[in-house]
Protein chains: 2
Amino acid sequence: MEQIDDIDLQLLNILHDNSKYTVKELAKMVNLSPSPVFERIKRLENNGYIKKYIALLDAEKLNRGFIVFCNIKLKQHDRNIGNQFVSDIMKIEEVVECYNISGDYDFLMKVSAKDMKHYQDFVFNKLGSVESIGSTQSTFVMSEIKNMYG
Amino acid sequence: MEQIDDIDLQLLNILHDNSKYTVKELAKMVNLSPSPVFERIKRLENNGYIKKYIALLDAEKLNRGFIVFCNIKLKQHDRNIGNQFVSDIMKIEEVVECYNISGDYDFLMKVSAKDMKHYQDFVFNKLGSVESIGSTQSTFVMSEIKNMYG
DNA sequence: TTCTAAATTAGAATAAAATTCTTTAAATAC
DNA sequence: GTATTTAAAGAATTTTATTCTAATTTAGAA
């Protein structure tokens, strides 16, 4: 695996914050000409340092500004139950992130809803029909303080 | 505030997953010519539906694949302590997300480190010097199941 | 140090994409 | 039904991405 240098790291940090700079602009920022910057970015893409480029959307405007962290305990801890849970959760659009975690609970999900009413509906109707779930515990987000991706 | 239609929504969903499509490609996907697609995207940007465009990086390759959710209780619940905490946390690069939450703890942080050793160093040396923190509780991520941004 | 080879860069040339503009069509109001 | 507004298509233009070649730098060996 190729090694990356300081200029690569600069480019990654810049693009992580704003991927719309032109190569000419990037070149000026890192004191190079456009060609090597273009080649460096292609190399970083091909070597997997850059996974993809995405647009960040305004959750509030799209009626998804109500964030809840939802802890999940499975009914039992066998592979089938676990696989079933993962498979079910992947289909639920309100679940934007999900992690298998240490501690009292098995999974931590980040859920994105319009409001409390929507979240309640999500818990009753969506989670309610996921057979593998034993219990849940909701932690509500009152405000977002920091988000390096937002 | 302008209203968005189904095609706008399609464009948002596509760009949220991959912002590198050309307008020509997008036009084909939504069965329009490039011009109206271009104008729609500009409108979505100007109206704030699209906040920004970013590159997603490979955390593992950048030595940041060890994820921990860290719950925080403040020493006291007055405005000064709270503001001091927020100000301190914004400067710590390992903290990639932070939320003010309901429940037993005051804040939930997502922390990104190289490994357990790095995380330990983060807790001792970085969090350890944030005066406003009363107590912490760490939940370790064993695996990422779903991430609509990753 | 000096030579050689490999890698990197700069700058020009080309291809492709974004962006603008004008015309046409469609939808809505009157 | 006509007028008016809005949205779309297609062509023209500008900008950017991408490729190519030559020059420079770097690293290693003699």
Side-chain angles (χ1 to χ4, degrees), chain A residues 1-65 93 114 147-150, chain B residues 1-64 114 147-150:
Chain A
M1 176 54 62
E2 307 244 344
Q3 207 51 48
I4 64 173
D5 64 14
D6 177 62
I7 289 178
D8 290 329
L9 216 47
Q10 285 183 55
L11 291 171
L12 289 174
N13 284 329
I14 293 168
L15 292 173
H16 180 49
D17 183 60
N18 179 359
S19 63
K20 278 299 181 184
Y21 287 117
T22 65
V23 292
K24 189 195 286 184
E25 290 171 326
L26 292 167
K28 187 166 289 179
M29 293 185 208
V30 301
N31 288 109
L32 282 177
S33 68
S35 328
V37 170
F38 176 80
E39 284 167 8
R40 279 166 178 271
I41 292 170
K42 283 298 160 218
R43 178 168 48 74
L44 291 168
E45 290 170 2
N46 293 334
N47 291 349
Y49 287 90
I50 296 173
K51 290 200 291 184
K52 64 195 303 203
Y53 296 89
I54 69 168
L56 289 182
L57 310 181
D58 188 308
E60 203 69 54
K61 282 197 199 308
L62 296 168
N63 296 322
R64 285 299 169 80
E93 61 174 359
K114 172 173 165 44
N147 192 340
M148 298 302 280
Y149 294 88
Chain B
M1 177 54 62
E2 307 246 345
Q3 207 52 48
I4 64 173
D5 64 14
D6 177 63
I7 290 178
D8 289 330
L9 217 47
Q10 285 183 55
L11 290 171
L12 289 175
N13 284 329
I14 294 168
L15 292 173
H16 180 50
D17 182 60
N18 179 359
S19 63
K20 278 298 182 186
Y21 287 118
T22 64
V23 292
K24 190 193 288 187
E25 291 172 325
L26 292 167
K28 187 165 289 181
M29 293 184 208
V30 301
N31 287 109
L32 283 177
S33 69
S35 328
V37 170
F38 175 80
E39 284 166 7
R40 279 166 180 271
I41 292 171
K42 282 300 162 217
R43 179 168 46 75
L44 292 168
E45 290 170 2
N46 293 334
N47 291 350
Y49 287 90
I50 297 172
K51 291 199 292 183
K52 63 194 301 203
Y53 297 90
I54 68 168
L56 289 182
L57 310 182
D58 187 309
E60 204 67 55
K61 281 197 201 306
L62 296 168
N63 295 323
R64 283 299 169 80
K114 172 173 165 45
N147 192 341
M148 299 301 281
Y149 294 87

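Below, chains carry the letters A, B, ... as their sequence lines are ordered, and counting in each starts from 1.
In the 5' to 3' direction, nucleotides of DNA chain C lying under 4.0 Å from heavy atoms of chain A begin and end at C/dT9 to C/dG11.
Residues B/Leu62 and A/Leu9 have side chains in contact (heavy-atom distance under 4.5 Å, counting atoms from C-beta outward). Using a 4.5 Å cut-off on side-chain heavy atoms (C-beta onward), B/Asp17 and A/Lys52 make contact. Inter-residue side-chain proximity for B/Tyr149 and A/Leu56 is flagged as met; some heavy-atom pair is nearer than 4.5 Å. Side-chain atoms of B/Asn47 and B/Ile4, non-hydrogen and from C-beta on, never get closer than 4.5 Å to each other.
Taking the charged nitrogens against the carboxylate oxygens, A/Glu93 and A/Arg64 do have a contact shorter than 4.0 Å, which makes a salt bridge. Ion pairing of B/Arg40 with B/Asp8 is present here, as a side-chain N (NZ or NE/NH1/NH2) and a carboxylate O approach within less than 4.0 Å. Between A/Glu45 and A/Lys42, at least one side-chain N (NZ, or NE/NH1/NH2) sits under 4.0 Å from a carboxylate O, which counts as a salt bridge.
Counting non-hydrogen atoms of other residues, nucleotides and ligands closer than 6.0 Å to CE of B/Met29 gives a total above 12.
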Tabulated below should be each protein N or O lying under 3.5 Å from an N or O of nucleotides 9-16 of chain D; please produce it.
residue	atom	partner	partner atom	Å
D/dA9	OP2	B/Ser33	N	2.5
D/dA9	OP2	B/Ser33	OG	2.6
D/dA9	O5'	B/Ser33	OG	3.4
D/dG10	N7	B/Ser35	OG	3.1
D/dG10	O6	B/Ser35	OG	2.5

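Nucleic acid contact for A/Arg43: none, since no nucleic acid atom lies under 4.0 Å from a heavy atom of the residue.
Taking atom CZ on B/Arg40 and atom P on D/dA7, their separation rounds to 8 Å, with Å as the unit.
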